[in-house]
Amino acid sequence: MESSEEEIENETEWKQHLMDSPLARQVFGSSRNKTSTPRHKVILHFDLDCFYAQVEMIRNPALRDVPLGIQQKYIIVTCNYVARQQGVTKLMSVTNAREKCPQLVLVKGEDLTHYREMSYQVTDLLLSFCPLVERLGFDENFVDITEMVEKRLSCTPVFSFQGHVYGTSKEVADAKANYHPELALGSHIAAELRESIHAKLGLTGCAGVATNKLLAKLVSGTFKPNQQTTLLPDNVDDIMGSLSSVRKIPGVGHQTAKRLQALGLISVRDLQLFPLTELARELGSPCATRLKNLSCGVDDSPVTLTGAPQSLSDEDSFKKMTSMKEVTDKIQQLLGSLLERMRKDGRQPQTFRLSVRKYSASNKWYSRESRQCPIPNHIRHKITASSDDTPTVLLSLAMKLFSKMVDTAVPFHLTLINVCFSNLQTQTPAASTRGSITSFFATSTSPKTSTQSQIDDPMRGSGADDGLGSPSLMIPLGTENTAESPPCRDAASRQARPTQCASVPAEASWQMTTSHSSTCSDSGDAKISVTHQLPPSVDPQVFSELPANLQMELMREWEHQRPVLKIPAASRKPGREAKDKKGSGTASQANSLLNYFKPA
């Protein structure tokens, strides 16, 4: 409903009274007469409270009012707030936790299935409000609501903040809302989203509202649990100065912190004051610039829409693993759960990676080592087909990678193993690939092909897949095939058919003659017959599905490449030698189609 002139006049008078108040003059001084500041982005950071514990309390409401800890191995990875009130903390050992709280109820949390599913439900719910959502682990999400804020501001002015405002009292903050309307409205949207998550999923969480991802993440945990905080540009220096060390800056990891410490940089203030040129000399210009910006609260990284993950992995950590039997059993266990996830995902992985962490007295937790390899074709298709022998074949693959990282001839001490499928690609339905060039490179299903050698030794490539994506066209010798190719669509394909090849001795030839019929005409109905010798590495069925013009080009190139009997120079016809050289040059061209049909 439109406002009356009297209402508009009263609202304008109220705003003027507010800005002329002593409090407003104290907050803004004479700045109210200046032009308004440029608009900033509005970024939200959501962090769910004790996420694993909340999921378990939703699954079993009887756990809501008791001290609850989620146990992984010998530590408490998280606990609810009832347990925290009794002295239990995250990453506390189970022994210490029970001493602090004898009534502590423990739930095993090694199986992440329920947590993962709930995490994606949260992300999907946020996506229903705003298209720019970026996942950050199971319990965190960034949301860029800049456009949503701009649209709402054009219709609904906001003069207050929802929740807390960092370093500012409620009264002062609301007086500043007129100068930061985007952030003020952002706080209202954050409250709406938090309420929606709680109403639909039963989860509570904290939220941070700021002008970039770094600041939103830093401020979101100021008040816990189930609260939210907005950071105004005026208070950026305060929040950055409150960080106890450079390690507190999101994005600064263990190794980077060690390098900064070697330069004498311990606090955020140290990093802010350190000359950029010297920092660039030690870390490189891009890294140095990025760190300096972060230390000052500057972060221009966008909220990137998180699509389907490009890798799926599973891992387990332990105090000590020293035997090959333990390693084999653990990898088998991890592969079992990971394969189940891959089958639900539906995509095919192209790469397999194995990671281990070796114990070191000087570097206990950050010495991971990894090896990876392409997944052979015949294994790749089994992963999503629920084949019974897939775990066995993958275990063999994993153990070959393991032997490259760990010398099993001497004692070893591992504290972590991780298995990962990466470079996930969507499987294209067979019907939609017909006519595509990829449909012509099909893996042979014949039982006696070189793929059998890959089952015996998955690390070694073969005609089926050499680890670099080579197509497979291997077939048993002597196979015959009669088929029709797709209709030709252009005049270029209606060329004179090649003549029958001259015979050569069996030991010098490709040892296969295939009778092949193809169709080619304006209407696609006329039929011609071609008799040609195909290399043993070419599947006649696959060859028959190629367009006729492509078949002709391949036949001509094979004609030049075929071995021939040596003819005495005296008996050669004039000009024959020049023709032979010309043909040889054609067959050796780098872009020749023969590159895709490599003779055995």
Side-chain angles (χ1 to χ4, degrees), residues 18-19 21-32 34 36-47 49 140 142-146 149 158-194 204-252 266-273 291-301:
L18 173 66
M19 296 310 299
S21 67
L23 176 61
R25 286 196 297 270
Q26 174 189 344
V27 173
F28 297 105
S30 59
S31 62
R32 59 184 292 263
K34 299 179 182 179
S36 61
T37 57
R39 291 194 172 188
H40 298 282
K41 285 186 177 181
V42 182
I43 309 297
L44 308 182
H45 175 261
F46 290 95
D47 186 2
D49 299 323
E140 296 182 67
F142 286 115
V143 185
D144 186 339
I145 59 169
T146 306
V149 166
V158 176
F159 303 106
S160 65
F161 286 92
Q162 280 277 1
H164 304 275
V165 177
Y166 184 88
T168 307
S169 67
K170 177 69 173 175
E171 186 181 21
V172 173
D174 286 345
K176 290 186 176 184
N178 187 56
Y179 278 71
H180 301 287
E182 299 94 343
L183 292 172
L185 181 54
S187 71
H188 286 261
I189 294 175
E192 292 173 17
L193 295 181
R194 288 176 52 240
T204 64
C206 298
V209 185
T211 57
N212 63 46
K213 290 164 64 176
L214 167 70
L215 299 175
K217 180 172 172 61
L218 286 175
V219 80
S220 65
T222 307
F223 294 93
K224 290 187 174 184
N226 195 28
Q227 300 184 66
Q228 67 179 61
T229 312
T230 302
L231 179 67
L232 302 181
D234 317 36
N235 302 110
V236 171
D237 290 343
D238 296 335
I239 196 169
M240 297 309 301
S242 70
L243 303 180
S244 57
S245 72
V246 292
R247 190 73 172 83
K248 297 291 184 180
I249 301 175
V252 177
I266 308 300
S267 69
V268 174
R269 183 66 174 167
D270 294 336
L271 182 55
Q272 289 175 340
L273 297 176
L291 286 174
K292 287 287 279 188
N293 284 339
L294 290 177
S295 70
C296 297
V298 177
D299 177 20
D300 58 359
S301 61

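Side-chain contact between L232 and F161: present, with at least one pair of heavy atoms (C-beta onward) separated by less than 4.5 Å. Counting heavy atoms from C-beta outward, N226 and R194 have side chains that approach closer than 4.5 Å. The shortest side-chain heavy-atom distance between T230 and V219 does not fall under the 4.5 Å cut-off.
Separating the NE2 atom in H40 from the NE2 atom in H180 is a distance of 7.5 Å, to the nearest 0.5 Å. Taking CG from L294 and CG from L243, the interatomic distance works out to 11.0 Å, rounded to the nearest 0.5 Å. If you take OG on S160 and CG on L185, they are separated by 10.0 Å, rounding to the nearest 0.5 Å. Note: L231 CG to Y166 OH = 8.0 Å, rounded to the nearest 0.5 Å. From D270, atom CG reaches atom OG of S245 across 10.5 Å, with rounding to the nearest 0.5 Å. Taking CG of L291 as the start and CD1 of I249 as the end, the distance is 7.5 Å to the nearest 0.5 Å.
Qualifying side-chain hydrogen bond (donor to acceptor under 3.5 Å, both in side chains) partners for D237, counting only residues two or more places apart in sequence or in other chains: none. Every residue was checked against the ring-ring contact (aromatic ring centres under 6.0 Å, His included) condition with F46, not counting sequence neighbours, and none meets it. Annotation: ring-ring contact (aromatic ring centres under 6.0 Å, His included) contacts of H164 (sequence neighbours excluded): F223. Residues forming a salt bridge (charged side-chain N to carboxylate O under 4.0 Å, His left out) with D47 (at least two apart in sequence, or on another chain): none. Looking at residues two or more places apart in sequence or on another chain, you find a side chain to side chain contact (heavy atoms under 4.5 Å, CB included) between K170 and D174. Q272 pairs by the side chain to side chain contact (heavy atoms under 4.5 Å, CB included) definition with M240, V268, R269, S295, C296, not counting sequence neighbours. With sequence neighbours left out, the side-chain hydrogen bond (donor to acceptor under 3.5 Å, both in side chains) criterion links S242 to no other residue. For N293, the side-chain hydrogen bond (donor to acceptor under 3.5 Å, both in side chains) criterion is met by no residue, not counting sequence neighbours. Under the side-chain hydrogen bond (donor to acceptor under 3.5 Å, both in side chains) criterion, S220 pairs with H45, sequence neighbours left out. Here T168 pairs with V165, V172, A173, N235 under the side chain to side chain contact (heavy atoms under 4.5 Å, CB included) rule; sequence neighbours left out.
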Donor-acceptor list for residues 208-218 side chains, cut-off 3.5 Å, not counting sequence neighbours:
| from | atom 1 | to | atom 2 | distance (Å) |
| --- | --- | --- | --- | --- |
| N212 | OD1 | L214 | N | 3.1 |
| N212 | OD1 | L215 | N | 2.8 |
| N212 | ND2 | G297 | O | 3.0 |
| K213 | NZ | E134 | OE1 | 3.0 |
| K213 | NZ | E134 | OE2 | 3.3 |
| K213 | NZ | P302 | O | 3.1 |
| K217 | NZ | E140 | OE1 | 2.6 |

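The shortest non-hydrogen separation linking G186 to V42 is CA-CG1, 4.0 Å. Across all non-hydrogen atoms, the minimal contact from C206 to D49 is SG-OD1, 3.5 Å. The nearest pair of heavy atoms linking T146 to K41 is OG1-CA, 3.4 Å.
In this structure, E182 contributes its side chain and V149 its backbone to no donor-acceptor pair below 3.5 Å.
For the ring-ring contact (aromatic ring centres under 6.0 Å, His included) condition, no pair includes a residue of residues 224-248, sequence neighbours left out.
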